[in-house]
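Each remark here refers to the structure printed beneath this line.
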Amino acid sequence: MELASKYDPRSVEEKWYQFWVEKGLFHSEPDGRVPYTVVIPPPNVTGVLHMGHMLNNTIQDVLVRRARMMGKNACWVPGTDHASIATEAKVVKMLAERGIDKRSLTRDEFMKYAWEWKEQYGGIILKQLRKLGASCDWERTAFTMDPVRYESVIRVFVDLYNKGLIYRGVRMVNWDPVALTAVSDEEVIYKESHGKLFYLKYFVEGEDRYIVVATTRPETILGDTAVCVHPDDERYTWLKGKRVVVPGVGRAVPVIMDEYVDREFGTGALKITPAHDINDYNIGMKYGLESIDIFNDNGTLNGVLGSNPTEAERQAAARYAGMDRFACRKQIMRDLEEQGLVEKIEDYTNNVGHSERTDAVIEPKLSAQWFVKMEGLAAKALEVVENDTIQFHPAKFKNTYRHWLENIKDWCISRQLWWGQRIPAWYVEANGRVETIVALNEDEAKKIAIEKYGTDAIRQDEDVLDTWFSSWLWPLSLFDGIRNPDNDEIRYYYPTADLITAPDIIFFWVARMIMAGEEYRGQVPFRNVYFTGIVRDKLGRKMSKQLGNSPDPIELIDKYGADGVRMGMLLTAPAGNDLPFDESICEQGRNFSNKIWNALRLVCGWKVAADEAATTSEQVAVNEVAVQWMEQRMAQVLEEIERDFDQYRLSEALMASYKLVWDDFCSWYLEMVKPAHGEPIDRITYESTISIFSRLMLILHPFMPFVTEEIWHQLQVENLKLRISNPDEVESHPQYAMLNSQFSIMNQHMPRSVFYDERTLADFDAARDMIAGVRNLRSSKGLSPKEQMDLYVKDRTDSGRFDGVVRKLGNVGKVENVDSKVDGALSFMVGTTECYVPMSQNIDVEAERAKLEADLAYAEGFLASVMKKLGNEKFVNGAPAAVIEKERNKQRDAETKIAALKAQLEALG
RNA sequence: GGGAGUAUAGCUCAGCUGGUUCAGAGCGCCUGCCUUACAAGCAGGAGGUCACUGGUUCGAACCCUGUUACUCCCACCA
């Protein structure tokens, strides 16, 4: 069979992914094995794959595939998140394109369209994940609004309400005037913005004295109900008990004194607008001020007046009614300037809250919302992270986590939307009051209404729940652990093993899942949290649609192969570090796939000797030590890889694997055992090579699932050929069909580190250094690698087992041990061993001398520093014996080396 | 304003308990090679005052002071 010289990932990747799915290799059922569970951070159902997902899911897949190969029952559960605000926005947009206004629809009609949209366009991202090679158990695909998840959410709401942990109250919330809903504190992004600070004149009622108040939001003066100064501020003591007139509005408001005011800021006088600022609201509560909400929900002015409005106030309210808040700001300033009520305007930079979803400027707004009491939940969630029941990788995120939980505020969970779990609260009018009934469904609510209030005239709360109120149950609800807490699945799969997520949702999601896990299972939801970095572009900017600096992951996969992209991402992504992504790192991954592919081509091309006599004994001897060395080396690197995985150092584990394959296997091992042109390879070495190569594919498989599966299969075919009478007709052998239909690298056992012999490794290193020395000499003398040379070795410390390798790979004629220096030869040192290479051509004596002198100077300087240390009494007395012994060894080595260099210099004459 | 983190080669990063090979790796770069697995390759090579400062120590990239720069989180002084 002919193999192309370039590896083509496309067909290979498609073929194997289909194979894995068809064979159900990703599917998990509870059994006697140790479970390894990962739940996917559910992407928005509206989402498309971006680089952050690529990184995150690559990491999950690596861990899941490895766990599976370690003999665990790996279960990676995929799903999507209904993302109420984002999805509702998309549906509204789609409706608008069809000429349908959302407001013309009933709730049920709207929901029908939304579900249609979800079925048609939602979940693209899950299909894209398949291209990446994600080994999710697709049979378990869930959605935060599917029946099980929906019902779980409702049950939890009812339960927490009954426990007194959910309440409804009127609070200042973050209002998104575009999405027309409240959002939680965590969904507000503060951005620096360059605005103005406006200094406005407030005249004292009935006098022509005035004070100046600084504000960034002059449009809110329509809702001013006081001006506040610091009680100790001597500039304003004369104002005590006075009233001032809100400029342009004509409303007289009291001057109040409170220590909240910062005397240094602006003029030290603060206007109070209780309806539109959280701090003003608090002051308003304290002093019993009227709260005038001047905005409509969409951020336009509503023309509402305070109690006992003046004529001026009526006019002002009417004048601005219907205007957008920002247009109003400009208009008011023009009007005030005309009236001479503006003292000055300064440039000012401050932080303005924006909605995470719509980017609209958040409007603090007073409204009735539902909240979760966080205090008790937070305490438990903090404890399990503090005591390392849950470990964070990297651990530095514990600080962030602690800080948030120690300063936690109640969680606003109601959203003024339709797409989501509708809050299971019903209102009933009884005894002249509105009573609240919280129940699992309408029927129950009605029953309660009839029992308690004698009526079934109930109406359900219009709001839905925050999407995170579904997400926080994810590890529980995926296994139906809320509705059926004793079912086999939840008992088997919970707690999950590792959670892989980005640090920006540590509060939204991670912390709250921990709370829910503790509340509903008395157990943490996962043992480890791996925080990925944020994917940035070359310039360090976050990747975003607006900037257009994010490559399309699918295009990348087409270009470099999923394996190539996976490897590129992982190589530069240590836990918690941001990943400055540059497409070119995928090249390294693609090149690596190609390298492995070509190693396969080489191995497959070898003819296997029919009998031992057909191969030279010299080559057989080399092969023997080569196999021995490669086995030791593999064990050594496996130890490293295992350690890296234990510490979640995935990029290091990958790099170690990469070097093991490229350097140790391809550059050294294969070169050692490679038969001379036209020669066959002995059967034992060939078998060993296939075995080693196969195991290398296993080691690499979690990182590069496709290429390793492909090559592993081809290697098994080679293996089969060795065992059957008619290798040329392997494809008709029954085992061949079985191999291709029943076996997968995914089910093989990951090789484990075993005891390895350091001596073999050290002997090989000496041989490698000698080869490098000889090559170096050739290269520096401009000689062709084809020029064969002899090597004389003096005072060698290695066993010489690899001399055959030195001859083969160094193109050395003979390796001979000598007792004294060799005249007329170039020399180099391997440790304290002197190596001489006689040259047929004339040696440049001066150049050699210069080189030797430089080496000598370095060695002498090194010795001097060692001697200084050893001559220092404090060191000899203070340092541990082992350290001193090391210094003595350094001294001996340096002395040997110096003596040798001097001898070589003398030999030059 | 409060807190955390980072600073090591051109780039991205390792460097564990202070002590051989402590100054490393990959990529990139330079030189020479189309050597029949691979030019997506092979062989060889050059590159760093470990941000700066002071200290602790026999000994510091590593521990402590301070400075500077960058990043992130929290707060939201109008």
| Quantified in whole Å, what is the C1' atom distance between nucleotide B:C52 and nucleotide B:G47? | 23 Å
| message | Please give the distance between the P atoms of B:C22 and B:G15 as a whole number of Å. | response | 15 Å
| task | Check every atom of B:C38, B:U12, B:G5 against the side chain of A:Thr572 and return the nucleotide holding the closest atom. | result | B:U12
| Using a cut-off of 4.0 Å on non-hydrogen atoms, how would the nucleic acid contact of A:Lys398 be classed: base, sugar-phosphate, or nothing? | nothing
| message | Between A:Arg566 and A:Phe703 (side chain of the first, backbone of the second, donor and acceptor by atom type, cut-off under 3.5 Å), is there such a pair? | response | yes
| task | Using a 4.0 Å heavy-atom cut-off across all strands, classify A:Asn594 as base, sugar-phosphate, or nothing. | result | base
| message | Please classify the nucleic acid contact of A:Pro785 as base, sugar-phosphate, or nothing, using heavy-atom distances under 4.0 Å. | response | nothing
| request: Report yes if a side-chain nitrogen or oxygen of A:Asn776 is closer than 4.0 Å to either non-bridging phosphate oxygen (OP1 or OP2) of B:G45; otherwise report no. | output: yes
| A:Glu587 has an atom CD; how far is it from atom C1' of B:U12, in whole Å? | 15 Å
| query | According to a strict under-4.0 Å criterion, is A:Tyr658 in side-chain N/O contact with OP1 or OP2 of B:C27? | reply | yes
| said: Using OP1 and OP2 only, check whether a side-chain N or O of A:Arg649 sits under 4.0 Å from B:G15. | reply: yes
| Pairwise side-chain contact, A:Phe507 with A:Thr400, heavy-atom cut-off 4.5 Å (strictly under) | yes
| query | Is a side-chain N or O of A:Thr267 found less than 3.5 angstrom from the main chain of A:Val212, in a donor-acceptor match? | reply | yes
| message | Side chain of A:Ala772, heavy atoms from C-beta onward: which of B:G44, B:A78, B:A37 has the nearest atom to it? | response | B:G44
| task | Provide the distance between the two P atoms, one in B:U6 and one in B:C27, to the nearest whole Å. | result | 27 Å
| query | So do A:Val352 and A:Lys191 actually touch side chain to side chain, heavy atoms under 4.5 Å? | reply | no
| field | Closest-nucleotide 5' rank along RNA chain B - winner of A:Ser5 and A:Gly266 | value | A:Ser5
| task | Could you give me the stems involving RNA chain B, meaning stretches of three or more consecutive Watson-Crick or G-U wobble pairs whose two defining distances are both below 3.5 Å? | result | B:1-7 with B:68-74, B:10-13 with B:24-27, B:29-33 with B:41-45
| field | Stretch residues 189-198 of chain A: residues that reach within less than 4.0 Å of RNA chain B through a heavy atom | value | A:Tyr190
| B:U12 C1' sits how many Å from A:Phe581 CZ, rounded? | 13 Å
| request: Remember a base hit wins even if backbone is also touched, and classify A:Asn350 as base, sugar-phosphate or nothing at under 4.0 Å, heavy atoms. | output: sugar-phosphate
| For atom C1', what is the distance between B:A7 and B:U12, given to the nearest Å? | 14 Å
| request: Would you indicate whether the side-chain heavy atoms of A:Tyr190 and A:Val188 approach each other to under 4.5 Å? | output: yes
| message | Just N and O in the side chain of A:Lys786: are any of them under 4.0 Å from OP1 or OP2 of B:C42? | response | no
| query | Would you find a donor on one side and an acceptor on the other, under 3.5 Å apart, between the side chain of A:Tyr658 and the backbone of A:Leu700? | reply | no
| request: Between B:C73 and B:G28, how far apart are the P atoms? Round to whole Å, please. | output: 33 Å
| task | Taking atom C1' in both B:A40 and B:A4, compute the distance separating them and give it to the nearest angstrom. | result | 42 Å
| said: Applying a 4.0 Å non-hydrogen cut-off, can you work out what A:Arg590 is touching in the nucleic acid: base, sugar-phosphate, or nothing? | reply: base
| query | Hey, does A:Lys659 reach any base, or is it just sugar-phosphate, or nothing, if we go heavy atoms under 4.0 Å? | reply | sugar-phosphate
| Nearest to the side chain of A:Asn598 - B:A78, B:C42, B:A37? | B:A37
| query | Expressed in angstrom and rounded to an integer, what is the separation of A:Gln714 atom CD from B:A37 atom P? | reply | 18 Å
| So A:Phe531 and A:Phe397, would you call those rings parallel, tilted or perpendicular, with 30° and 60° as cut-offs? | tilted
| note | Side-chain atoms of A:Asn591 come closest, of B:A40, B:G26, B:A43, to B:A40
| said: Classify A:His403 by what it touches in the nucleic acid, base, sugar-phosphate, or nothing, heavy-atom distance under 4.0 Å. | reply: sugar-phosphate
| request: Tell me which of A:Arg263 and A:Pro580 sits closer to the 5' end of RNA chain B, going by the nucleotide each one is nearest to. | output: A:Pro580
| request: In whole angstrom, give me the gap between the P atoms of B:C63 and B:U17. | output: 9 Å
| Quick one: A:Leu783 CG to B:U35 C1', roughly how many Å, whole number? | 16 Å
| request: Flag yes if more than 12 heavy atoms outside A:Glu406 fall under 6.0 Å of its CD atom; otherwise flag no. | output: yes
| request: Provide, to the nearest angstrom, the distance between the CD atom belonging to A:Gln588 and the P atom belonging to B:U12. | output: 15 Å
| request: Please examine the side chains of A:Leu863 and A:Gln891, heavy atoms only from C-beta on, and report whether any two atoms are closer than 4.5 Å. | output: yes
| message | Keeping A:Lys271 on the side-chain end and A:Val246 on the backbone end, is there a donor-acceptor pair under 3.5 Å? | response | no
| field | Integer-rounded Å distance: B:U36 P and A:Leu670 CG | value | 17 Å
| task | Decide, for B:G28, between syn and anti: a glycosidic angle within 90° of 0 counts as syn, anything else as anti. | result | anti
| field | Side-chain donor/acceptor contact of A:Asn351 with base of B:C76 under 3.5 Å | value | yes
| said: Taking only the P atom of each, what is the distance from B:C13 to B:U8 in whole angstrom? | reply: 10 Å
| Touch check for A:Asp262, heavy atoms < 4.0 angstrom, all strands: base, sugar-phosphate only, or nothing? | base
| task | Please report the shortest heavy-atom distance between A:Phe508 and A:Glu187, naming the atom on each side. | result | CE2-CG, 3.5 Å
| said: Rounded to whole Å, please give me the gap between CZ in A:Arg536 and C1' in B:C70. | reply: 11 Å
| task | With heavy atoms under 4.0 Å as the rule, sort A:Cys604 into base, sugar-phosphate or nothing. | result | nothing
| request: Indicate yes or no: does A:Arg778 engage A:Glu787 in a salt bridge with an N to O separation below 4.0 Å. | output: no
| Is it true that atom CZ of A:Arg235 has more than 12 heavy atoms of other residues, nucleotides or ligands lying nearer than 6.0 Å? | yes
| said: Check the orientation of A:Trp668 and A:Phe764. Use parallel for under 30°, tilted for 30 to 60°, and perpendicular for over 60°. | reply: perpendicular
| request: Taking only the side-chain nitrogens and oxygens of A:Lys674, find out if one of them lies under 4.0 Å from OP1 or OP2 of B:A37. | output: yes
| task | In whole angstrom, give the distance that lies between atom CZ of A:Phe397 and atom P of B:U71. | result | 16 Å
| said: What contact category does A:Lys271 fall into here, base, sugar-phosphate, or nothing, at under 4.0 angstrom with non-hydrogen atoms? | reply: nothing
| task | Check whether any side-chain nitrogen or oxygen of A:Lys808 sits under 4.0 Å from OP1 or OP2 of B:U35, and answer yes or no. | result | no
| query | When we call it a touch if two heavy atoms are under 4.0 Å apart, what does A:Trp662 touch: a base, just sugar-phosphate, or nothing? | reply | sugar-phosphate
| request: Determine whether any donor atom in the side chain of A:Glu671 lies under 3.5 Å from an acceptor atom in the base of B:A43, or the reverse, and answer yes or no. | output: no
